[in-house]
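Since the structure comes first, as structure tokens, the remarks are kept for the end.
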Amino acid sequence: LRSMLVFISYLFSPSAKAATRPEWHQLEDRGNWAIQTHGEALTGALLFASADSCPRHLLQTLAGALYAVVTHRAASHREEWIIRALQRADFPAATGAIGDNEKQLFCEVALRKPPLSKPRFQAMISDFASICRKECTVDALVAYQF
């Protein structure tokens, strides 16, 4: 799981050194195609995993992969992807842990302008996962509005 999450992060958000390599341009085209055709499914799967099945020690890595996907320049429908994932009836969260208000607050924070920095986004995803697992309350997301 960790290797796949690191691969996703690297594919959609390479280091500055990696992006200057000649072979990167081929991979970049494939990354653009992957975001355009599978971005919604990937965003949904990463959000689902954060809320339910991802082990706690991999949440930062998962959040980094999600950040790479939703901040990719080809992810022009990122807002719809996140909203649709959260609106699904089968969104995994502990019973009563997350309602419409919490989902709306998450969307506001995740999609805010200017966007959160990568470390703050990762921390926010970790807090969101804790809310979905009933380990903390929605108050944890309020701090990210400012």
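We're numbering straight along the sequence, starting at 1. Any value given below was found using the heavy atoms of this structure, including those in side chains, with hydrogens, waters and symmetry copies removed.
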Decide yes or no for Leu141 and Met124: does some side-chain heavy atom of the first lie under 4.5 Å from some side-chain heavy atom of the second?
yes

Rounded at 0.5 Å granularity, tell me how far CG in Leu47 sits from SG in Cys54.
11.5 Å

Side chain proximity check, Phe106 to Val138, heavy atoms < 4.5 angstrom
no

Would a 4.5 Å heavy-atom cut-off, applied to side chains only, mark Val69 and Ile8 as touching?
yes

Donor-acceptor contact below 3.5 Å, side chain Gln36 vs main chain Trp33:
no

Quick one: side-chain hydrogen bond (donor to acceptor under 3.5 Å, both in side chains) pairs with a partner in residues 48-61, sequence neighbours left out?
Arg56-Ser130, Arg56-Glu135

Between Ser13 and Ala68 (side chain of the first, backbone of the second, donor and acceptor by atom type, cut-off under 3.5 Å), is there such a pair?
no

Looking at side-chain heavy atoms only, is the closest gap between Asn32 and His72 below 4.5 Å?
yes

Pairwise side-chain contact, Leu11 with Glu28, heavy-atom cut-off 4.5 Å (strictly under):
no

Side chain to side chain, Phe121 and Ser117, heavy atoms closer than 4.5 Å
no

Where does the angle between the aromatic ring planes of Phe128 and Phe91 fall among parallel (under 30°), tilted (30 to 60°) and perpendicular (over 60°)?
tilted

Ser9 side chain to Leu5 main-chain N or O, any donor-acceptor pair under 3.5 Å?
yes

Atom pair CG/CD1 of Leu62 and Ile125 - distance to nearest 0.5 Å
7.5 Å

Is the backbone N or O of Tyr144 less than 3.5 Å from a side-chain atom of Arg112, with the two atoms forming a donor-acceptor pair by type?
yes

Should Val142 and Leu116 be regarded as members of a common hydrophobic cluster, given that ILVMFWY residues are connected when their side-chain heavy atoms come within less than 4.5 Å of each other, either directly or indirectly?
yes

If you look only at pairs with a residue in residues 74-84, which of them pass as a side-chain hydrogen bond (donor to acceptor under 3.5 Å, both in side chains), with sequence neighbours excluded?
Glu40-Arg84

